Amino acid sequence: EGGMRIPLRKNGGERRRFRDGSRLFLWARNGELDIALVSQDCSRCARRASRLRPVRRGKPFESQVMIVADVHNHTNASHGKASVAEMYASAKARGLSVYGFSEHSPRPEAYSYPVEYREHLRDCFVRYASEVMQLRALSGSPKVLFGMELDWFPSERPFMEAAIAAYPFDYIIGGIHFLGSWGFDFTQDDWKISPQQCFTRYENYFRTLADMARSGLVDVAAHPDIIKLYTVDLFHQWIAMPESLTLVAEALTAIRDNGVAMEISSAGLRKPCNEIYPHPAIMKLAADLGVKISFGSDAHCTNTPAYAFD
């Protein structure tokens, strides 16, 4: 049992079941929310959850709680669809208390997508940064944080250090989108390979995640299992293997030991994998290890700040 706690006014409880058979039990008492993720064989938690009643007044449990900080968001300075002002207005309308702009970092020439926005980002970043810093200086509500999603390239440390040093960022999100020079999140066609080849890519990804956490360059590890994007059913098979969980635990331990937060991202709900990043088994491991967390929608348009946060 265990997990995280957030303020809650009501008393009550709720249960959720995931596709892999694990269950999420939530219960409120004395102004706090307990969250436990357990497998089917945890009878003590199951008995406890079976005694829970719905929250008062018959309202859905989710309507009682809302995450009020979203620190992973993009704009039309990269491949987003809305301006800084438009994204901020959307965050305000959603009732957020903290809103973090975290545009993609510049990217070296050797790392390209078939449809590329690198030059556009390079041309727009100065204006984008100026607009975000002006908003931050106004001290309005929601509070603005100026971050950056650092696209992670292990062999390009000087380039990444220069990008971080260029502006007075409040935080840096590390986002892994490339393995070597290959952008693995562009098309499903690149994943028409054997299961074992997919498993090898998953292993490479989590080793890269651990190395990123140890780098000292990032504060948050974005969408920690984005590698499942196009092969979610195979990923579920892989994550159920003991050796896979051992590898993931090594990455989470590196995240914890280096003071990095693991992002819980709703973006996966809008993607082909159709589930939150990360998988429930990874969230349970993170809770057991005492990993800090952050929340992000990875919004790219005005419809998605705080997406599925309530």
Side-chain angles (χ1 to χ4, degrees), residues 1-4 14-26 34-50 175-177 179 184-185 188 190-213 221-257 260-293 295-296 298 308:
E1 296 183 31
M4 58 187 176
E14 187 59 89
R15 300 182 290 277
R16 290 288 183 269
R17 183 182 294 275
F18 295 96
R19 285 191 290 178
D20 68 350
S22 61
R23 290 164 291 173
L24 185 66
F25 300 138
L26 308 121
D34 287 349
I35 300 179
L37 180 67
V38 301
S39 60
Q40 289 180 308
D41 60 2
C42 185
S43 57
R44 185 163 69 91
C45 281
R47 286 195 301 271
R48 182 180 184 184
S50 69
I176 302 171
H177 301 275
L179 291 177
F184 62 77
D185 57 346
Q188 190 159 6
D190 289 344
W191 289 90
K192 294 178 179 178
I193 54 177
S194 71
Q196 188 54 53
Q197 288 174 306
C198 287
F199 293 172
T200 298
R201 288 177 175 180
Y202 303 157
E203 292 164 5
N204 290 341
Y205 174 87
F206 282 100
R207 291 190 182 99
T208 301
L209 179 61
D211 290 342
M212 183 181 75
H223 33 62
D225 60 354
I226 190 176
I227 194 68
K228 71 187 177 187
L229 175 62
Y230 293 118
T231 55
V232 65
D233 292 334
L234 275 176
F235 185 82
H236 288 172
Q237 295 177 31
W238 180 82
I239 199 67
M241 300 176 187
E243 59 270 28
S244 301
L245 288 175
T246 298
L247 182 61
V248 172
E250 291 173 0
L252 293 176
T253 299
I255 287 172
R256 179 199 64 193
D257 291 350
V260 177
M262 180 189 77
E263 180 181 83
I264 297 177
S265 171
S266 62
L269 296 172
R270 312 188 302 269
K271 302 292 185 177
C273 60
N274 192 33
E275 67 178 31
I276 287 172
Y277 305 127
H279 183 276
I282 298 176
M283 284 198 276
K284 182 181 186 305
L285 270 177
D288 291 344
L289 291 168
V291 175
K292 296 185 297 183
I293 60 172
F295 293 99
D298 204 352

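It should be emphasised that the depicted structure is a prediction, and the values quoted were computed from it without experimental measurement.
In this structure, CE on M283 lies 9.0 Å from CG on D225, to the nearest 0.5 angstrom. Interatomic distance, CG of D298 versus CG of L269, reported as 12.0 Å (0.5 Å rounding). Distance CD/E243 to OG1/T246: 7.5 Å, rounded to 0.5 Å. Rounding to the nearest 0.5 angstrom, the gap separating the CD atom in E250 from the CG atom in L245 is 11.5 Å. In this structure, CG on L252 lies 7.0 Å from CD1 on I282, to the nearest 0.5 angstrom. Here CD1 of I193 is found 8.5 Å from OG1 of T200. Values are rounded to the nearest 0.5 Å.
Between the side chain of S244 and the backbone N or O of A240 there is no donor-acceptor pair closer than 3.5 Å.
In this view, D257 satisfies the salt bridge (Lys or Arg N to Asp or Glu O under 4.0 Å) rule with no residue, not counting sequence neighbours. Judged as a side chain to side chain contact (heavy atoms under 4.5 Å, CB included), and not counting sequence neighbours, the contacts of Y202 are W191, C198, F199, I227, T231, L234, F235, W238.
Here the closest heavy-atom approach between residue A210 and residue A254 is recorded as O-CB, 3.8 Å. Counting all heavy atoms, side chain and backbone alike, P224 lies closest to Y277 at CD-CB, 4.1 Å. Residues M241 and Q237 come closest through the heavy atom pair CG-O, 3.6 Å.
Using a 4.5 Å heavy-atom threshold, the side chains of V232 and N274 count as separate. Counting only heavy atoms from C-beta outward, the side chains of F184 and I226 approach each other to under 4.5 Å. Counting only heavy atoms from C-beta outward, the side chains of T253 and L289 approach each other to under 4.5 Å. Side-chain contact between L247 and Y205 is absent, with no heavy atoms from C-beta onward closer than 4.5 Å.
For the side-chain contact (heavy atoms from CB on, under 4.5 Å) test with I176, the passing option among T208, D185, D211 is T208; the others fail.
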Donor-acceptor pairs under 3.5 angstrom involving side-chain atoms of residues 260-267: please list them, not counting sequence neighbours.
| residue | atom | partner | partner atom | Å |
| --- | --- | --- | --- | --- |
| E263 | OE1 | H72 | ND1 | 3.4 |
| E263 | OE1 | H223 | N | 2.8 |
| E263 | OE2 | H72 | ND1 | 2.8 |
| S265 | OG | A267 | N | 3.1 |
| S266 | OG | Y307 | O | 2.8 |

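Salt-bridge formation is detected for the pair D288/K284: a Lys NZ or Arg NE/NH1/NH2 atom is positioned less than 4.0 Å from an Asp or Glu carboxylate oxygen.
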